[in-house]
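A short worksheet on the structure shown next.
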Amino acid sequence: MEIERLAVLGAGQMGAGIAQVAACSGYPVVMIDIEQDYLDRGLSSIERSLSKLVSKGRMSEEEAKSAISLVSTSVSRDSASEADLVIEAIPEVLELKASAFSDLDEICKETAILATNTSSISIDEIAASTRRPGRVIGMHFMNPVPIMKLIEIINGSQTLPEVTKAILEVSERMGKTPLQCNDSPGFISNRILCPMLNEAILALQEGVAEPEAIDGIMKLGMNHPLGPLALADLIGLDTVLHIMNVLREGLEDEKYAPAELLVSMVSEGKLGRKSGQGFYSY
């Protein structure tokens, strides 16, 4: 199963990052989004990222130019028709992803693999919107994509072994370390991470310590590069809340109930870095 051409659906932070690492690995990749403005911003972010890598001596100017030349853009999903692998990186809403996969199932050739960058939505639920569930798989990239080494590979209950093998090979060619798990709420990364973030929020809610102390204790005592509250701000408090609700409902366990403080902050629009206010001001 040869993967030679890629398409990335979504030109946001994750989509642009995925397109960048694909191009840096020598794959021609078309980045697709609903508006040209989104695509222009995605391309600009790739160019900025490549410039930083050049300035740090991690790649040459020629390599950066070669990579950007492999990235094309389109506002039409039809542009994914010749791709061997399509990686979806659109907002974390099941209805949006199901609609996208249904469209891609019609557009893409029968042999194409459809991958989702979802951080928490069931692979089987997404695959159910296609007629090729054996060719649907999860590729959960970590943020920021060009820097983080892990890709969490999530096999659906019907994902074919040869599809998994092909995705492992693509991931390694991208310079990543792919680690596998099976479809389950939150997979591994967020099933472990988000309850820890929620616990830190509960400690703040109960007045156990101030944000700086909570984060400082975890950084200095547990050698975490970023404290849990600062990390929640970086991820987005709305995303953390969404994942906690996925865990609570999917695993049917109240130990995953989101902290009241988290719920209230999201309702007030305090989403972290992207809104300028979370547990810290930005």
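Applying the side-chain hydrogen bond (donor to acceptor under 3.5 Å, both in side chains) rule to Thr177 yields no partners; only residues at least two apart in sequence or on another chain are considered. Residues satisfying the salt bridge (charged side-chain N to carboxylate O under 4.0 Å, His left out) criterion with Glu106, sequence neighbours excluded, are Arg131. For Ser74, the side-chain hydrogen bond (donor to acceptor under 3.5 Å, both in side chains) criterion is met by Ser79, not counting sequence neighbours. Arg248 is linked by a salt bridge (charged side-chain N to carboxylate O under 4.0 Å, His left out) to Glu254, counting only residues two or more places apart in sequence or in another chain. The salt bridge (charged side-chain N to carboxylate O under 4.0 Å, His left out) check on Lys109 picks up Asp84, with sequence neighbours excluded. For Glu82, there are no salt bridge (charged side-chain N to carboxylate O under 4.0 Å, His left out) partners, not counting sequence neighbours.
In this structure, the side chain of Thr159 engages the main chain of Gly156 through a donor-acceptor pair within 3.5 Å. Put simply, the side chain of Gln180 never gets that close to the backbone of Ile153: no donor and acceptor are under 3.5 Å apart. Lys176 contributes a side-chain N or O that, together with a main-chain N or O of Val145, makes up a donor-acceptor pair within less than 3.5 Å. Judged purely by atom type and a 3.5 angstrom limit, Glu252 has no side-chain atom pairing as donor or acceptor with the backbone of Glu249.
Salt-bridge check for Glu110 with Arg132: failed, with every basic side-chain N at 4.0 Å or more from each acidic carboxylate O.
Of the candidates Glu92, His140, Arg191, Glu92 is the only one forming a side chain to side chain donor-acceptor pair (under 3.5 Å) with Ser120.
Residue pairs meeting the salt bridge (Lys or Arg N to Asp or Glu O under 4.0 Å) criterion with at least one member in residues 28-44, sequence neighbours excluded, are Asp37-Arg41. Within the structure, every pair that satisfies the salt bridge (Lys or Arg N to Asp or Glu O under 4.0 Å) test and touches residues 68-81, not counting sequence neighbours, is listed here: Arg77-Asp103. Applying the salt bridge (Lys or Arg N to Asp or Glu O under 4.0 Å) test to residues at least two apart or on different chains, the pairs with a partner in residues 256-277 are Asp238-Lys274, Glu268-Lys270.
Remark: Arg173 is positioned above the aromatic ring of Tyr27, its terminal NZ or CZ atom under 6.0 angstrom from the ring centre and at most 45 degrees off the axis.
Under the 4.5 Å side-chain contact rule for hydrophobic residues, Met14 and Leu193 do not share a cluster.
Hydrophobic cluster membership of Tyr38, counting Ile, Leu, Val, Met, Phe, Trp and Tyr whose side-chain heavy atoms lie under 4.5 Å apart directly or via other members: Ile34. Hydrophobic cluster membership for Ile154: Leu9, Val30, Ile32, Val86, Ile90, Val93, Leu94, Leu96, Phe101, Leu104, Leu114, Ile121, Ile123, Ile126, Val136, Phe187 (Ile, Leu, Val, Met, Phe, Trp, Tyr linked by side-chain heavy atoms under 4.5 Å, directly or transitively).
Taking CG of Asn155 as the reference point, atom CD1 of Ile167 lies at 10.0 Å (rounded to 0.5 Å).
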Result block: side-chain N/O donor-acceptor pairs under 3.5 angstrom for residues 49-56, not counting sequence neighbours:
unit_1: Ser49; atom_1: OG; unit_2: Gln20; atom_2: OE1; d: 3.0
unit_1: Ser49; atom_1: OG; unit_2: Gln20; atom_2: NE2; d: 3.0
unit_1: Ser51; atom_1: OG; unit_2: Glu47; atom_2: O; d: 3.0
unit_1: Ser55; atom_1: OG; unit_2: Ser51; atom_2: O; d: 3.4
unit_1: Ser55; atom_1: OG; unit_2: Lys52; atom_2: O; d: 2.7

